[in-house]
Every structure is written in structure tokens, then in C-alpha cells.
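I have placed the structure first, in the form of C-alpha cells, so that the comments after it can refer back to it.
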Amino acid sequence: DLDMFRTCKSSIHTIAWFWLIAVEVLCRESRRALPIREWMRWTRVFAFFQLLLNLVLRLIACCALRKAASCCLKLLSGA
């Protein structure tokens, strides 16, 4: 009966030890993962604003081209 109690107690300590190791590993990984996630987030933000800038510049160029074409057509039509 006493052996069964020691085995159970040993099993509980082993499970607690495994939990401790698992938590420690997860914390270590999360410390590494946090800067990586932050870098990925800021990279996405930067890429989004680069894309937005590119689209705005294309829109400006398109509008300028339309305005120039409109002026040319008015000059050619004599209006």
C-alpha cells in the first residue's frame, strides 16, 4: 500500500515536472516569436503603405495624362 502511494506521488511529481518544462519551453519560444511577429506586422504595414503610395502615384499620373489629353483635344478641335 505504501509503495502504491510512493508511485502515485512520484507520478504526480513527474507530471508536474513535465508541465514545468513545457511551460518553460513555450515561454522561451514565445520570447523568440514576439519580435518575429512584430517584425512581420511592421513589414506588412510598410508594404501596405508602399502599395498605397504606388496606387496614389499611378492615380495622379493617370489624372495628369487625362488632363493633358483633354487639353490637346481642345487645342486640336479649335475650341
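Position 1 is the first residue of the sequence, and the numbers go up from there. None of these values were measured; they are calculated from a predicted model. These numbers come from the heavy atoms of this one structure, side chains and all, not from hydrogens, waters or symmetry mates.
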- Kindly write out the residues that satisfy salt bridge (Lys or Arg N to Asp or Glu O under 4.0 Å) with R44, not counting sequence neighbours, or none if the list is empty. none
- Query: Taking atom NZ of K74 and atom OG of S70, what is their separation to the nearest 0.5 Å?
  - Reply: 4.5 Å
- Query: Between CZ of R37 and CE of M40, what distance do you get to the nearest 0.5 Å?
  - Reply: 8.5 Å
- Show which residues join I60 in its hydrophobic cluster (side-chain heavy-atom contacts under 4.5 Å, direct or indirect), or state none. V56
- Joining Ile, Leu, Val, Met, Phe, Trp and Tyr whenever any side-chain heavy atoms lie under 4.5 Å apart, the cluster holding L57 also takes in L53
- Message: Please give the remaining members of the hydrophobic cluster of L51, linking ILVMFWY side chains under 4.5 Å, ordered by chain and number.
- Response: L55
- All side-chain contact (heavy atoms from CB on, under 4.5 Å) counterparts of F49, not counting sequence neighbours: V45, L52
